[in-house]
Amino acid sequence: MTRLLIAAGLLALAAACPRIAAGAITCTFSSPGFTAAYVPSTGTTNVTQSSVTVTCQRNAGGDATSIAYNIAADNGLNSSGQQNRARLAATANYILYDTFRDSGCSQDWRANAPNRLGGTITGMSGFIPVSQTLSWWGCIPASQLGLAAGNYSDTVTMTLSYGASSPTATFPVAIYTPASCTITTAPGTVSFTYTAFGGAQNASTPFAVTCSNVLPYTMALGATSGVIVGLQYTIALSAAGGVGTGASQSYSVNGTMPAGQAGTCGAASCAGTQVQTLTITY
């Protein structure tokens, strides 16, 4: 009976040994994501560099001193097919962007194996963690018109694959689009051809503005009347303002020179000019 009890104890110890000695390398990883300010009228791709850091540690003396890994990235919470999109909260407004493995925005960072980030951590000794940092880039295509101003956001999920393990982590994407209005076609000249004591004359010139989508704005002239070579005139805008669409919106400056004016021209003909100011407020 004594021998049987000793044998059972040896068997139990043998069964426990693999669990105690089965140390394995463990890895963690994280990325800060990226934050960018985006102006739709800018004609070049907005490129922001970021990084992801992988940290691995041996947990037993029999573990290897190096380990290979790769990192996949999904298309975020608001994707349209393979296209990543950041969303303006509580709206149906999106900004297109994507994640890349190069600063030229030509090598996608994706979930499929050929397009993953990857590397090998080497030189692990003892049980001291070793880290490796890889760069990646967030790229926002130029000239995305029709955007509302505001803060757009997304969350991307990464998967780290090493050995038999595949943990996940997320990183944030934040893209801010500032409110903006620009005069995309400047007004020309309101040009009158007037004969002394003649009839009233009308003239106009077009202009165009481009403002952020759903952004209200107002427009005003520095002065709405004046006198040139003794002839009075008035000018007015075709509209006092509007709401931006993200695309060009057309307006005009309209002028009138009343009839029956003599003017102060002492020759057969003469000309004069005045400069007026157009201001957009938003």
Side-chain angles (χ1 to χ4, degrees), residues 2-37 46-79 82 84 86 97-140 153-175:
T2 301
R3 291 178 182 175
L4 289 174
L5 288 173
I6 291 172
L10 291 173
L11 287 172
L13 179 60
C17 281
R19 292 196 294 270
I20 294 171
I25 294 173
T26 54
C27 299
T28 59
F29 69 126
S30 64
S31 173
F34 80 94
T35 300
N46 183 305
V47 181
T48 303
Q49 183 175 357
S50 189
S51 63
V52 56
T53 298
V54 180
T55 302
C56 296
Q57 177 180 321
R58 299 170 76 243
N59 294 293
D63 288 342
T65 58
S66 66
I67 189 165
Y69 65 88
N70 63 67
I71 307 171
D74 73 2
N75 296 110
L77 300 178
N78 307 296
S79 62
Q82 291 291 305
N84 291 26
Y97 78 94
D98 257 314
T99 54
F100 292 86
R101 294 170 289 133
D102 69 311
S103 60
C105 307
S106 62
Q107 301 174 21
D108 292 324
W109 180 20
R110 290 283 187 251
N112 54 318
N115 296 323
R116 295 177 184 176
L117 290 171
T120 300
I121 291 181
T122 61
M124 292 187 291
S125 63
F127 310 116
I128 300 174
V130 178
S131 297
Q132 188 173 78
T133 298
L134 304 177
S135 293
W136 61 271
W137 288 262
C139 301
I140 311 170
S153 63
D154 196 18
T155 300
V156 175
T157 297
M158 306 176 290
T159 301
L160 173 66
S161 297
Y162 68 98
S165 299
S166 298
T168 62
T170 62
F171 64 78
V173 173
I175 302 172

In the structure I gave you, are the side-chain heavy atoms of Q49 and S103 within less than 4.5 Å of one another anywhere? no
Which atom of R110 lies closest to which atom of N84, heavy atoms considered: NH1-OD1, 3.9 Å
With side chains defined as the heavy atoms from C-beta onward, is the minimum distance between S30 and T28 less than 4.5 Å? no
Measure the shortest side-chain to side-chain distance between T65 and T122 over non-hydrogen atoms and say whether it is less than 4.5 angstrom. no
Is the backbone of Q82 close enough, under 3.5 Å, to the side chain of N75 for a donor and an acceptor to pair up by distance? yes
Within the structure provided, determine whether I67 and R58 are in side-chain contact (heavy-atom separation under 4.5 Å). no
Under the side-chain hydrogen bond (donor to acceptor under 3.5 Å, both in side chains) test, residues paired with S51 that sit two or more places apart: none
Please name the pair of heavy atoms, one in C105 and one in V47, separated by the smallest distance, quoted to 0.1 Å. SG-CG2, 3.7 Å
Do you know the tightest heavy-atom contact between C56 and I121? SG-CD1, 3.6 Å
Could you check whether any side-chain heavy atom of I71 comes within less than 4.5 Å of a side-chain heavy atom of W109, counting everything from C-beta outward? yes
Stepwise side chain to side chain contact (heavy atoms under 4.5 Å, CB included) test for Y69 and L134: CA-CA 12 Å; Y69 65 88; L134 304 177; 3.6 Å; yes
Does a side-chain heavy-atom distance below 4.5 Å link F171 with V52? no
P129 versus Q57, closest heavy-atom pair with distance: CG-OE1, 3.2 Å
Keeping D154 on the side-chain end and V173 on the backbone end, is there a donor-acceptor pair under 3.5 Å? no
Can you give me the closest heavy-atom contact between S135 and L117, atom names plus distance? O-CD2, 4.0 Å
T159 and T168 side chains, donor-acceptor separation under 3.5 Å: no
Which residues pass the salt bridge (Lys or Arg N to Asp or Glu O under 4.0 Å) test with D108, sequence neighbours left out? none
Determine yes or no for a side-chain-to-main-chain donor-acceptor pair under 3.5 angstrom, with Y162 supplying the side chain and C27 the backbone. yes
Please report the interatomic distance CG(N46) to OH(Y97), rounded to the nearest 0.5 Å. 13.5 Å
Do P32 and S50 make a side-chain contact, defined as non-hydrogen atoms from C-beta onward lying under 4.5 Å apart? yes
Under the side-chain hydrogen bond (donor to acceptor under 3.5 Å, both in side chains) rule, collect the residues that match up with T26, sequence neighbours excluded. N59
Check the orientation of F34 and W136. Use parallel for under 30°, tilted for 30 to 60°, and perpendicular for over 60°. perpendicular
Restricting to non-hydrogen atoms, name the atom on R101 and the atom on R116 that form the minimum distance, rounded to 0.1 Å. CD-O, 3.6 Å
With rounding to the nearest 0.5 angstrom, report the OG to CG distance, S166 to L160. 7.5 Å
How long is the gap from OG on S153 to CG on N78, to the nearest 0.5 Å? 7.5 Å
Between the side chain of D74 and the main-chain N/O of A111, is any donor-acceptor distance below 3.5 Å? no
